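Letters go in sequence order (proteins before strands), and every chain restarts at 1. Model, not experiment: these values are computed from the prediction.
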Amino acid sequence: MFKAITAWDDKNQIKIVYKDDTDNRKLKTIKNFNWYFALSLNEFKTIPEDVLNDFYQRRVISKLEKKDKYVKIYAYNNWVVKPFIEYLTANNLHPLEADLSIHKRYLVDNHIEIEDNVDVLFFDIETDDSNQGIEIGRDRILSWAAYDNKGNSFFEAGDEREILKKFLLLLQKYDVYCGWNSDGFDVPYIKARLTKLGLSYEWRAKHHVDLMKRCIKLFSYEMEKIGLTGFSLNKVSKVFLNEEKIEHDEGILEMFQNNFELFKKYNLKDAELLYKLDKKLNLIQVMLQQCVWTGTFLNRFYVGELLDNYMLRESKKQGMYLRSKPDRKIMEELEDVRVTGGYVREPNRGLYDNVAIFDFKSLYPSMMISWNIGQDSLNEELSNIGSEHFEHFLKGRKIEEVDFDEWFKFLMKEKKLLDPNDEYTQTANNNFFDKHIDSFIPTLVKNLLDQRKVFKKELAKCQPGTAKYGDLKGKQSVVKEMANSMFGITADKRSRYFNRHIAEGITMTGQFMNKTISAIFEKLDSPVIYGDTDSVFVPVDNDVNIEKLLKTANDKLTDFILKWFKLKMSIVYLEYDKAYRKMIMLDKKRYTGMMKFLNDQDVNELYSKGTEDVKRNTITFAKQKFIDLVKLITDENKTADEIIQWVEDLRAYVLTTEDLQAEDLQIKTTVSKPTYKYKSKPVHVRLAEKLIKEGKMLEAQEGKNSWGNQISYIIVDNDNKDAILADEFNGNWDRKYYWDVQIFAPLERILSTVWPDIDWEKYDFEKAAKKERKRKLEEKRAEKERLKIEKEEKKRQKQQNLL
DNA sequence: GCGGACTGCTTACCT
DNA sequence: ACAGGTAAGCAGTCCGCG
């Protein structure tokens with residue numbers, strides 16, 4: 001059997017690109033594949049005979065085939081069948097897998113594997129830049145350069161038509177083409193120019209990967225750690241390859257005309273950097289591995305798609321058909337359906353010594369397995385009643401406002417009422433799942449977690465750095481990601497797995513578990529101060545044995561779950577993850593301090609979440625001062641008096657210093673979408689508009705995987721909304737604004753958390769001025785009041801005298 | 001015309 | 001192009017005040 005490189009629908013036919021035994025690329029056309037969708041037998045029986053006949057006559061459906069509990073309904077293709085699907089949905093029936101394209105149906109049914117032995121071309125184009133600004137397809141393409149994955153290089157410059165023809169000819173020898181920001185520039189540019197020149201190409205036979213997007217996805221969360229300050233090819237190459245682009249002073253066209261050798265070197269270097277980055281970071285190969293594992297093509301590399309293909313193939317093996325993806329109409333109905341998420345405990349703010357952080361291990365997957373939460377195990381009728389009772393119980397309250405005992409009592413009462421014979425597991429949203437069904441999703445999740453254990457075991461036997469080690473490491477992380485994403489698709493309205501009962505069965509049971517473990521720690525005299533979704537923060541005395549405490553808590557948790565929820569088994573338990581030596585609990589999702597235990601190691605390091613020192617848009621000077629302050633408090637145990645002195649010195653410094661440079665003061669903010677899409681225009685957008693007008697920047701692309709454009713600017717006069725680009729810094733900056741907003745505000749939050757009784761706001765110019773205004777106003781008002789009373793008193797006296 | 005209260009938008013984070 | 005929850009800061013609006 002062949003392995004597929006790519007495939008697509010061509011009217012009623014399927015086109016598949018594959019490699020034959022001698023590694024030659026071939027195109028296969030499948031002409032007579034019968035597309036079908038499925039319907040459960042029970043639902044099928046409700047369709048009136050004459051309706052079926054009618055659709056037969058109209059040649060909408062062609063054939064019926066009974067198979068176990070299903071009927072396969074064949075159609076001429078997946079679009080002529082639309083009226084029939086609409087008829088079924090309108091009559092409350094559920095066509096299964098009716099959204100599949102013809103080739104997807106074919107690939108799943110025939111268990112076609114994905115080819116990972118592919119040829120890759122890395123390329124880059126240069127265009128005429130003599131006109132103002134960049135506009136896709138406006139100007140001539142001057143040249144292109146390319147490297148393939150074997151290290152061969154190519155370069156063509158000159159007549160646009162000729163070089164583009166050569167490029168397409170070269171591309172014929174490859175399966176995948178990659179560029180840098182090529183989704184936003186190179187690819188649409190080439191396509192636009194081809195159209196202009198009246199040339200066409202079969203793009204569907206090749207996969208395109210934008211390596212910049214891939215890098216953003218992989219590294220954006222750890223930029224700070226690896227020293228990455230942006231996602232230009234230059235910056236990324238510098239960090240990972242210690243190489244840079246070729247420097248040049250002239251514009252592109254100028255260089256093309258006057259310094260062709262440098263131009264050629266420049267163009268080729270970019271392609272070479274792409275080739276080297278891929279080689280170093282294994283970008284394409286790791287993606288392909290996931291594609292092979294799940295049965296997905298490279299151009300559809302999204303979590304949702306990977307999981308969907310994997311699950312369609314698994315269900316096929318089990319002789320099952322899954323629900324169709326929602327059509328537009330259902331999506332519209334679902335638009336304002338909201339799914340409750342994780343629980344974030346109101347933190348007990350303050351300064352703490354010795355705080356242990358416990359985490360539920362793979363909480364959502366574990367609960368899905370333990371409670372058997374799935375589409376096929378859900379008793380919808382019972383759960384609808386349960387949900388209704390739950391709504392009534394909430395009386396408009398948000399779930400996080402409900403106290404643990406009250407929630408628990410409600411659930412137990414309902415369990416007795418709705419499931420007296422204990423046939424179901426009950427989730428914390430009062431929904432019910434059949435205990436006796438081997439449900440599809442939980443079984444799959446369990447397989448994934450088991451698979452991960454196997455990989456991890458093998459990994460332990462491998463030498464780091466070897467190919468096998470890398471391979472296992474990749475597989476292990478894919479399996480983990482898939483298990484963890486399984487919840488995500490049950491809450492994704494575009495997915496075939498969306499179900500509010502299920503999604504909230506998971507999240508609310510998670511909320512309940514968090515409250516349960518909190519109650520358990522409370523009973524163990526170790527009250528919890530904070531928790532977010534699957535974690536709890538517990539201050540412990542120095543002499544407490546944390547592992548022992550954890551064991552006790554876990555035992556109690558398991559007893560509780562088994563006793564009251566009557567599960568067959570529970571794999572929900574806590575792990576000891578980290579511990580602070582001293583920490584400041586600032587706010588929800590914001591805390592900082594000195595870690596003493598992290599990644600199974602004793603450490604002494606600053607560890608912050610959500611605070612300004614970890615945020616990209618905090619100025620470097622403020623970041624540094626924030627870190628200094630946290631260390632003074634949590635590492636050096638300074639007194640309030642010492643800190644007050646430190647603040648006063650810092651304020652005096654900020655008001656007078658001439659040392660601070662643009663790098664210290666620039667505020668970096670991302671422009672995340674085209675400027676015209678903004679409903680309000682913050683400073684950074686106004687500056688971006690200016691840059692775009694001057695042709696110094698492209699409009700940003702929208703989307704999760706695009707980085708947008710960072711604008712670095714300096715506030716010159718906040719009252720008059722005067723801001724300039726960091727490059728144009730001339731030494732003027734709004735010192736009071738910087739102190740109040742950029743520097744002191746984050747510090748003040750720390751200070752008033754640690755020393756709530758000290759008046760810290762007096763160091764903030766704006767707040768102090770406001771307070772003063774208020775005081776004066778109050779004084780005035782009091783004076784007026786006094787005069788009024790005096791006047792009345794006099795009047796009264798006068799009247800009394802008259803009497 | 002100004003400031004305060006309020007709402008909504010935007011960014012960036014956490015799980 | 002898998003989810004929801006949250007903080008901070010600013011833009012924009014409405015309104016009362018003088």
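Nucleic acid contact class of A:V685 (heavy atoms, under 4.0 Å, all strands): none.
OP1 or OP2 of B:dT11 has at least one side-chain nitrogen or oxygen of A:Y678 nearer than 4.0 Å. Close to C:dG9, at under 4.0 Å from its OP1 or OP2, lies no side-chain N or O of A:Y737. Contact between the side-chain N/O atoms of A:K589 and the OP1/OP2 oxygens of C:dT6 is not found at any separation under 4.0 Å. An OP1 or OP2 oxygen of B:dC13 is reached within less than 4.0 angstrom by a side-chain nitrogen or oxygen of A:R616. At B:dT15, none of the side-chain N or O atoms of A:R590 fall inside 4.0 Å of OP1 or OP2 (strictly under the cut-off). OP1 or OP2 of B:dT10 sits under 4.0 Å from a side-chain N or O of A:K673.
With hydrogens and angles disregarded, no donor-acceptor distance shorter than 3.5 Å links the side chain of A:K493 to the backbone of A:I330.
Between B:dG3, C:dA1, C:dG4, one nucleotide has an atom nearer to the side chain of A:R773 than all others, and that is B:dG3.
Taking both residues in full, the closest heavy atoms of A:F626 and A:L747 are given as CA-CD2, 3.6 Å, listed atom of the first, atom of the second, then distance.
For A:D613 and B:dC13, the CG to P distance is 11 Å, given to the nearest whole Å.
Residues A:F358 and A:F537 keep their aromatic ring centres 6.0 Å or farther apart.
Spacing between C:dA1 and B:dT11 at atom P, rounded to whole Å, works out to 15 Å.
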